[in-house]
Amino acid sequence: MISPIRLVLVTAFSNNLRGRAKYATQALPQLSSEKYDVKRKNFAKLQTKDVEHFKYLLGDERVLTDETDVLPFNIDWIKNCRGQSQVVLKPKTTEEVSKILTYCNDRKLAVCPQGGNTGLVGGSVPVFDEVIVNMMLMNKVISIDDISGALICEAGCILESLDNMARDHQLIMPLDLGAKGTCQIGGNVSTNAGGLRLLRYGNLHGSILGLEAVKADGTVIDCLKTLKKDNTGYHLKHLFIGSEGTLGLVTKVAIHCPVLPKAVTVGFFGVENFENILKLYRSAKSSLGEILSAFEMADYESISNTSKNLNLPNPISDYPFYVLVETHGSNEAHDEEKLTKFLTKEMESGLILDGTVSSEPKKMQTIWNLRESIAGAGLVKGYVFKYDVSIPQKFYYDLVPVLRKRMGDKAVTVCGYGHVGDGNIHINITVPEYTKEASSILEPFIFEEVAKVQGSISAEHGVGFRKPHYIHYSKDKTALQLMRDLKQLMDPNGILNPYKVLPEI
Ligand code: FAD
Ligand code: 2HG
Ligand code: ZN
């Protein structure tokens, strides 16, 4: 323990809901096609002969057709979208994925690739009757190289399991997110997931060394290299990172794992206003330098609602804003010295009003739990409009009070939190239930505001089903046209994840 400030003992949470949501209502969400008024494209309809063929390929057990069995695969994590698929396929090998896609492409059956189904933009569930290809059974780790840190695995491996395994090799996964216990590495790659430590370990375009993917026509693209350097022409792996299942199905991944840090510390601080958070961020970068591994913020509403709704204790008193700082280093004494200097300075300057610092695993976990649970906290009180935007840091928090005013008493809460270090804020607006009226107060207003400051309408969650018609706020016409050209080239029949990412013309 190194804290020069008041240490508050935090008790372990009994109710960890990260990655598993508790909902205000158990009612089924409305069908996406009706809620958002979407027209079915001219794909073939599933017939008995198709199911028979899938059973021939995979065996009876790995083809789900019973309505009750299929239902959870049709609904997304925030219970906003509901598709109408009649079949879920669970391949175990790349060859099986290839055979499924070859068949669907020939028959013009649309396909929805699915990982852990934790996506927050409706990309992971079908809109109509797309065939769901769920990757959960492709969960083998193929190799791990202790020297280079290269881990090769199948796409259905759960992120947390990979991290646990990497730790046995004195390594860690380069990404971490609240959904780690459920999301799959293939889903992470396909969404280019950011998460809690992007600030330190960079995004997946840097960490993914190579991958294997299957194109819509069943062709297996082998880019499964583990080399750090490979400039032999176009860097094709990047096409699949962040393409949300619209260009191919990712089947294997090679990822670079950083070394397990020897010293880890987490601090949770109360701060007076957002301006001071930015000052603190600057100071943390300069005082902590290379050991700074996360710099997260949350406003009072985010923390107090999470604490109340999920019964999680807040380890410090109430403050207008909170900051979570984490360090990953290789020398405990060295890190302690840096952190103590930083804390002493910023307690004296008044940027930090109060806080708790710990390097005990249980206490650090408790603080992280509170932060990671914010995503699910609003769902207990109703429907949550989730926005995940990139904004230049000086304007980072500006939209939250504006939206609070705009929503007035129509919202249960409007809260802002996120990855300050990456300029990525999450704005969650909880309303008693979804209404078109509430939606039209928020959209496209929020995206127009983001565009005015050259931000992005999706920082890390992707475009999915919810945002294609807003993509033009962040993508130039020529760039959008190139995206369409690539889609046409790689999936001429448009069977892969239709109604997602690319807007209708
Ligand atoms: P899914 O949700 O199943 O799918 C997501 C998209 O990828 C879909 O379009 C799907 O079609 C496609 N896809 C999935 N697997 C494949 C595959 N093998 N091949 C091709 N396409 C595929 N996201 C962040 O970026 N940062 C966060 O900090 C973060 N925190 C979260 C916290 C919580 C509590 C929750 C519920 C979600 C969070 N998310 C976060 C969003 C989500 O977890 C990520 O987007 C994650 O990467 C999705 O992985 P998944 O396996 O669940 O994919
Ligand atoms: C996080 O940072 C996730 O906690 C989820 O990206 C954000 O649900 C959200 O709004
Ligand atoms: Zn996030």
Mind checking the CD-NE2 spacing from Glu460 to His419? Nearest 0.5 Å is all I need. 3.5 Å
Does the side chain of Leu399 come within less than 4.5 Å of Ile427's, by heavy atoms? yes
Looking only at heavy atoms, what is the nearest atom pair of Trp77 and Gly119, with distance? CB-O, 4.3 Å
Strictly distance-based, threshold 3.5 Å: is any side-chain N or O of Thr191 a donor or acceptor partner for the main-chain N or O of Gly187? yes
Apply side-chain hydrogen bond (donor to acceptor under 3.5 Å, both in side chains) to the pair Glu290 and His328, showing each step before the final yes or no. CA-CA 8 Å; Glu290 77 292 347; His328 273 187; over 6 Å; no
Do Leu496 and Leu247 come close enough that some side-chain heavy atom pair is under 4.5 Å? no
Sidechain N-carboxylate O distance under 4.0 Å for Asp422, Arg197: no
Taking C-beta and beyond as the side chain, do Lys262 and Glu332 meet within less than 4.5 Å on heavy atoms? no
When rounded to the nearest 0.5 angstrom, what distance separates CZ in Arg371 from CG in Leu312? 13.0 Å
Heavy-atom closest contact (Asn309 atom, Ala377 atom, distance): ND2-O, 3.0 Å
Which pair of heavy atoms, one from Val389 and one from Ala459, lies closest together, and at what distance? C-CB, 3.8 Å
Working note: Lys338 + Thr327, criterion side-chain contact (heavy atoms from CB on, under 4.5 Å); need CA distance, chi angles, decisive distance, verdict. CA-CA 10 Å; Lys338 278 184 154 185; Thr327 61; over 6 Å; no
Can you confirm whether Asp37 is buried at CG, in the sense that more than 12 heavy atoms of other residues, nucleotides or ligands lie under 6.0 Å from that atom? no
Cationic N near anionic O, under 4.0 Å, Arg82 to Glu34: no
Distance-only, no hydrogens or angles: does the Asn331 side chain make a donor-acceptor pair with backbone N or O of His334 under 3.5 Å? yes
Given Phe465, which partner from the list Tyr499, Phe128, Tyr36 fulfils the ring pair (Phe, Tyr, Trp, His ring centres under 6.0 Å) test? Tyr36
Donor-acceptor check, side chain of Lys237 to backbone of Ile208, threshold 3.5 angstrom: yes or no? yes
Ion pair Arg404/Glu301, N-O distance below 4.0 Å: yes
Steps toward salt bridge (charged side-chain N to carboxylate O under 4.0 Å, His left out) verdict (Lys394, Glu275): CA-CA 8 Å; Lys394 60 182 169 181; Glu275 211 185 317; over 6 Å; no
Greater than 12 external heavy atoms within 6.0 Å of Lys475's NZ: no
Mark yes or no for whether Lys500, through its side chain, and Pro468, through its backbone, hold a donor-acceptor pair below 3.5 Å. no
Is it true that, when you exclude Gln30 itself, more than 12 heavy atoms of the residues, nucleotides or ligands shown sit nearer than 6.0 Å to its CD? yes
When rounded to the nearest 0.5 Å, the distance separating CG of Leu175 from CD1 of Ile255 is 6.0 Å
Would you say Leu370 and Ile303 make side-chain contact, with heavy atoms under 4.5 Å? yes
Hey, are Asn305 and Lys381 close enough side-chain-wise for a donor-acceptor pair under 3.5 Å? no
Can you tell me if Ser287 uses its side chain to pair, donor with acceptor, with the backbone of Ala284 under 3.5 Å? no
State, with a plain yes or no, whether a side-chain heavy atom of Glu130 is found less than 4.5 Å away from one of Ser85. no
Can you check whether Glu296 reaches Tyr417 side chain to side chain, under 4.5 Å on heavy atoms? no
Show, in sequence, the C-alpha distance, side-chain angles and deciding distance for Glu449 and Ile446, and conclude whether the side-chain contact (heavy atoms from CB on, under 4.5 Å) test is met. CA-CA 5 Å; Glu449 294 301 300; Ile446 184 162; 5.7 Å; no
Locate the shortest heavy-atom distance separating Cys81 from Val125; write the atom from each residue and the value. CB-CG2, 3.8 Å
Nearest heavy-atom neighbours spanning Ile316 and Phe269: CD1-C, 3.7 Å
When rounded to the nearest 0.5 angstrom, what is the spacing between CG in Leu351 and NZ in Lys345? 8.0 Å
Test side chain to side chain contact (heavy atoms under 4.5 Å, CB included) applied to His205 - qualifying residues, sequence neighbours left out: Asn192, Asn203, His238, Ile241
Not counting sequence neighbours, which residues clear ring pair (Phe, Tyr, Trp, His ring centres under 6.0 Å) with Tyr397? List them please. Phe274, Phe321
Sub-3.5 Å donor-acceptor pair from the side chain of Thr435 to the main-chain atoms of Ala438, do we have one? yes
If only side-chain N and O atoms count, and only distance matters, is there a donor-acceptor pair under 3.5 Å linking Thr366 with Asn369? no
Side chains of Gln84 and Ser33, donor plus acceptor under 3.5 Å: yes
Flag for Thr340-Glu337: side-chain donor and acceptor within less than 3.5 Å: no
Tell me, do Leu353 and Glu272 make a side-chain contact under 4.5 Å, heavy atoms counted? yes
Any chance the rings of Phe295 and Tyr281 have centres within less than 6.0 Å? yes
What's the verdict on side-chain contact (heavy atoms from CB on, under 4.5 Å) for Lys363 and Val266, showing C-alpha distance, side-chain angles and the deciding distance? CA-CA 9 Å; Lys363 286 177 196 158; Val266 174; over 6 Å; no
Going through the checks in order, is the side-chain contact (heavy atoms from CB on, under 4.5 Å) test met by Ile78 and Val384? CA-CA 8 Å; Ile78 56 167; Val384 184; 6.0 Å; no
For Tyr383 and Asn80, test the side chains for any donor-to-acceptor distance below 3.5 angstrom and give the result as yes or no. yes
Distance-only donor-acceptor check, side chains His469 and Glu504, under 3.5 Å: no
Cation-pi between Arg406 and Phe445: NZ/CZ under 6.0 Å from ring centre and within 45° of the ring axis? yes
Heavy-atom pair with the smallest gap, counting every atom of Phe268 and Pro315: CD2-CG, 3.7 Å
May I ask you to decide whether Arg200 forms a salt bridge with Glu326, counting only side-chain N to carboxylate O separations under 4.0 Å? no
Flag side-chain contact, heavy atom, 4.5 Å: His256 against Met173: no
Polar side chain donor-acceptor pair, Ser124 to Asn117, under 3.5 angstrom: yes
Without hydrogens or angle criteria, can the side chains of Ser190 and Glu244 be said to hold a donor-acceptor pair below 3.5 Å? no
Spell out, as yes or no, whether a donor-acceptor pair under 3.5 Å connects the side chain of Ser474 to the backbone of Ile471. no
CD1 (Ile158) and CD1 (Ile185) are apart, to the nearest 0.5 Å, by 10.5 Å
Arg282 atom CZ, over 12 foreign heavy atoms within 6.0 Å: no
Would one find more than 12 heavy atoms of other residues, nucleotides or ligands at under 6.0 Å from atom CD of Glu448? yes
For the atom pair CG (Asp335) and OG1 (Thr265), what is the distance rounded to the nearest 0.5 Å? 6.5 Å
is_close_aromatic(Tyr300, Tyr322), centroid dist under 6.0 Å: no
